[in-house]
Amino acid sequence: MPVRLWWGAVVAYFLLLSYLLLTPHPLWFMGTAGEAAEETVDSTLADYAQHALAYAVLGALITLATVGKSFRFRCCWLTAAAAHGVLCEVLQHFIPHRHFGAHDALANAVGVVGGWAIAMLLCRLPVVRAMTMSVSAPDPDIVGN
């Protein structure tokens, strides 16, 4: 898969996450059921799991997009993703019907790290390796001798 497609997926998913985190009613299209779902899940373990999973996907996409790049390059992008999660939580303080949650910010950062770890494990599978290695030289972090 060309590296541009991986980065396209990163950008598209980043924009989706930004919208979901920074809009007053992200589930508006579901009507009252969306509002009920937001209230039910808010500040529960499911809420933190949603945050972690959402950012795990972003962390995994960044990891796959940076195969063949230096560890430092990848860490910069993963750090930026975690910072995005924290910044979005801070900005929610200023958005009507939203609130800042330190636990949500932590779940976002943990999700990025979890996504990186899962992607690194997945990159050991021949199918995933073939999809990522066709883009660039083998990543020493992924390919063992």
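Pairing each heavy atom of Leu21 with each of Gln92, the nearest pair is O-NE2, 2.8 Å. The nearest pair of heavy atoms linking Ala107 to His51 is CB-CB, 3.8 Å. When all heavy atoms of His84 and Tyr55 are compared, the closest pair comes out as ND1-OH, 2.7 Å. The nearest pair of heavy atoms linking Ala82 to Val112 is N-CG2, 3.9 Å. Contact detail for Ala9 and Leu61: the closest heavy-atom pair is O-CD1, 3.8 Å. Shortest non-hydrogen contact noted between Gly85 and Asn108 is O-ND2, 3.1 Å.
Linking Ile, Leu, Val, Met, Phe, Trp and Tyr whenever their side-chain heavy atoms come within less than 4.5 Å leaves Leu58 and Val90 in two separate clusters. Connection of Leu64 to Met120 is established within a shared hydrophobic cluster, with ILVMFWY side chains joined at heavy-atom distances below 4.5 Å, either directly or through further cluster members. Linking ILVMFWY residues whenever their side-chain heavy atoms come closer than 4.5 Å, directly or via other members, leaves Leu78 and Val110 in distinct clusters. Hydrophobic clustering of Ile, Leu, Val, Met, Phe, Trp and Tyr side chains at less than 4.5 Å, counting indirect connections, keeps Phe94 apart from Leu87. Note on Trp77: it clusters hydrophobically with Leu16, by side-chain heavy-atom contacts below 4.5 Å among ILVMFWY residues.
At least one donor-acceptor pair closer than 3.5 Å links the side chain of Thr66 to the backbone N or O of Thr63. Without hydrogens or angle criteria, Arg74 side chain to Ile62 main chain gives no donor-acceptor distance under 3.5 Å.
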- Task: Determine, step by step, whether Ile95 and Leu22 satisfy the side chain to side chain contact (heavy atoms under 4.5 Å, CB included) criterion, reporting the C-alpha distance in whole Å, the side-chain angles of both residues, the deciding distance to 0.1 Å, and the verdict.
- Result: CA-CA 7 Å; Ile95 298 172; Leu22 298 176; 3.8 Å; yes
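Interatomic distance, CZ of Arg124 versus CG of Leu122, reported as 11.0 Å (0.5 Å rounding).
The aromatic rings of Phe73 and Trp7 lie perpendicular to each other, with more than 60° between the two planes, well past the 30° mark.
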